[in-house]
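What follows is a set of notes on a single structure, which appears directly below.
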Amino acid sequence: LLFQKLASDIEAMIARGSFRPGDRLPSVRTLEVERGLARGTVCQALAELEARGLVEARPRAGYFVRPRRVLTAPKTDPVPSRARRVPLPHLTDAFVAASAEPSLVPLGGTVLAPAILPLRQLTRLGREVLAGDGSVFTSYGPPAGDSELRRQVGRRLVTLGVRAAQEDIIVTSGAMNAMRLAVAIATKPGDTVAVESPTFFAVLPMLRDAGLLVVEVATHPATGVDLESLAEIASQRPLAAAIVTPSFHNPTGASMSTQSKRTLLDLARRHRFHLIEDDVYGDLYFGARRPRPLASLASPTDDVFYCSSFSKTLAAGLRVGFLVNRTHRAALARAKLSSTISSPIFNQRVLAGFLASGAYDRHLRKLRDALRRQVAAATQSIARNFPSGVEVTAPGGGFFLWVRLPGRRSGLAVYERAVEEGVAILPGHVCAIDDRYADYIRLSCGHPWSEALERGMCRLGEIIRAQ
Ligand SMILES: Cc1ncc(COP(=O)(O)O)c(C=O)c1O
């Protein structure tokens with residue numbers, strides 16, 4: 001949209017320093033003439049910049065760049081290199097329920113707002129699939145997945161540099177099911193698996209249920225897994241596998257450089273552990289290029305289980321993901337059969353239809369732009385509303401902010417109070433086996449910025465101060 005383009009251009013100029021804090025922006029009239037835009041479009045762009053907290057209107061004087069509060073980023077937290085059983089129960093049910101509660105201000109969940117998803121198109125495709133021969137109701141479909149969907153996924157993988165024949169791709173019920181199948185093949189009960197610290201919280205109970213020990217690896221909130229720590233851990237004990245989210249990690253948004261990904265592959269080769277790559281956020285980059293998946297850098301003899309899904313980009317409710325691995329494809333197909341037989345055909349056909357329509361890349365471009373703006377707006381809102389000493393990540397993709405509260409305040413206490421007052425967030429302690437992230441919270445930016453979100457952040461700021 002024209003107003004978004006103008007807003008993004010001005011935002012980029014502010015980021016580059018062409019406009020500094022306190023500078024006056026060109027007048028509405030000047031922008032109208034110079035850009036050849038309608039007055040309404042220019043005003044909408046300025047309102048958007050104001051909503052993102054980048055500029056402020058001063059009566060009869062125009063729009064000025066707001067002074068920016070510089071937010072500090074959190075650092076790597078030290079983690080003991082012990083292999084441990086994940087204790088039971090790992091408290092997550094309440095947090096998951098709160099993030100799905102529509103009456104709460106949505107800063108807690110890992111899903112995107114309907115407004116930034118192509119729901120009309122998906123609904124139309126759904127109707128077309130239902131109008132077919134009825135086999136979506138009566139058939140199980142092949143355990144490895146619908147052949148058209150696998151073909152479409154295969155075509156996308158080629159563009160990412162992930163070499164995979166159609167037979168190497170198994171359709172799963174979300175990335176979660178893909179990781180569980182990979183764990184079933186890569187490990188046996190009693191083995192040790194390395195995970196990032198902090199980690200995506202559902203990975204911990206999954207490993208516990210598989211009878212595995214977990215060793216958490218120190219992870220930098222911007223650059224990802226600390227490879228020296230991982231090397232030390234791997235030299236102390238046999239590791240069966242490492243589960244990593246190398247691009248736009250949840251909760252930190254960290255991304256490993258291509259060089260670090262290569263070093264990680266070397267480490268896995270040297271110490272003979274499997275790599276389970278979770279790439280659900282890889283398409284959500286804000287920069288010029290998509291980060292390379294580990295799987296695209298692997299040699300043919302490396303054993304990477306590449307797991308991804310359409311949950312974070314298109315339709316979490318369809319529960320469709322995929323797993324790519326050449327070496328173990330027969331065992332993985334058997335594991336899929338013995339876990340869920342197959343994934344729902346209706347859901348797979350809707351996605352296959354969407355991918356075949358060519359609309360996915362267009363949608364991803366718009367989605368990335370929306371998420372970049374939402375993350376920027378939330379960051380600015382933190383700068384306006386949260387007390388000093390707060391530390392915040394500056395992710396290059398995805399839609400999470402990982403926030404360290406000042407003065408060792410409790411993320412759980414903030415969460416409890418926030419839910420009482422109508423705001424959903426995720427307390428950080430669920431992202432580790434022990435309480436090491438007790439003073440963190442994770443904020444989700446899956447919704448377009450709004451007054452309700454701004455009010456929610458203002459309330460959160462007050463709750464944190466009052467702690
Ligand atoms: C890092 C990460 N991996 C996997 C998942 C789950 O993906 P899916 O919904 O495809 O099972 C999530 C969901 O929040 C996630 O954040």
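Side chains are part of it too, since the values below use all heavy atoms of this structure and drop only hydrogens, waters and symmetry mates. Atoms within a ligand are numbered from 1 in the order they appear, just like the ligands themselves.
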Heavy-atom distances under 4.0 Å decide this one: backbone, side chain, both or neither, for Phe310 against ligand 1? neither
Select one of side chain, backbone, both or neither to describe which atoms of Ala175 lie under 4.0 Å from any atom of ligand 1, heavy atoms only. both
Aromatic plane relationship, Phe273 with His271 - under 30° parallel, 30 to 60° tilted, over 60° perpendicular: parallel
Atoms in ligand 1 with a heavy atom of [X] nearer than 4.0 Å:
{"X": "Lys312", "result": "12 (C), 13 (C), 14 (O)"}
{"X": "Thr110", "result": "14 (O)"}
{"X": "Ser311", "result": "8 (P), 9 (O), 10 (O)"}
{"X": "Asn250", "result": "1 (C), 15 (C), 16 (O)"}
{"X": "Tyr281", "result": "1 (C), 2 (C), 14 (O), 15 (C), 16 (O)"}
{"X": "Met179", "result": "3 (N), 4 (C)"}

Does the ring center of Phe95 lie less than 6.0 Å from the ring center of Phe201? no
Can you see whether Tyr285 has Arg290 sitting over its ring - NZ or CZ less than 6.0 Å from the centre and within 45° of the normal? no
Do you see a donor-acceptor pair shorter than 3.5 Å between the side chains of Glu454 and Ser381? yes
Are Asp435 and His429 linked by a side-chain donor-acceptor pair shorter than 3.5 Å? no
contact_flag His249 ligand 1 heavy-atom lt 4.0 Å: no
Test side-chain contact (heavy atoms from CB on, under 4.5 Å) on Ser197 and Tyr437 and set out the steps. CA-CA 9 Å; Ser197 177; Tyr437 301 109; 2.7 Å; yes
Closest candidate by heavy atom, reference atom 9 (O) of ligand 1, pool Arg319, Met176, Arg180: Arg319
How far is atom 1 (C) of ligand 1 from its nearest protein heavy atom, and which residue and atom is that? Asp278 OD2, 3.2 Å
Between Asp279, Asp168, Asp278, which is the residue that forms a side chain to side chain donor-acceptor pair (under 3.5 Å) with Tyr306? Asp279
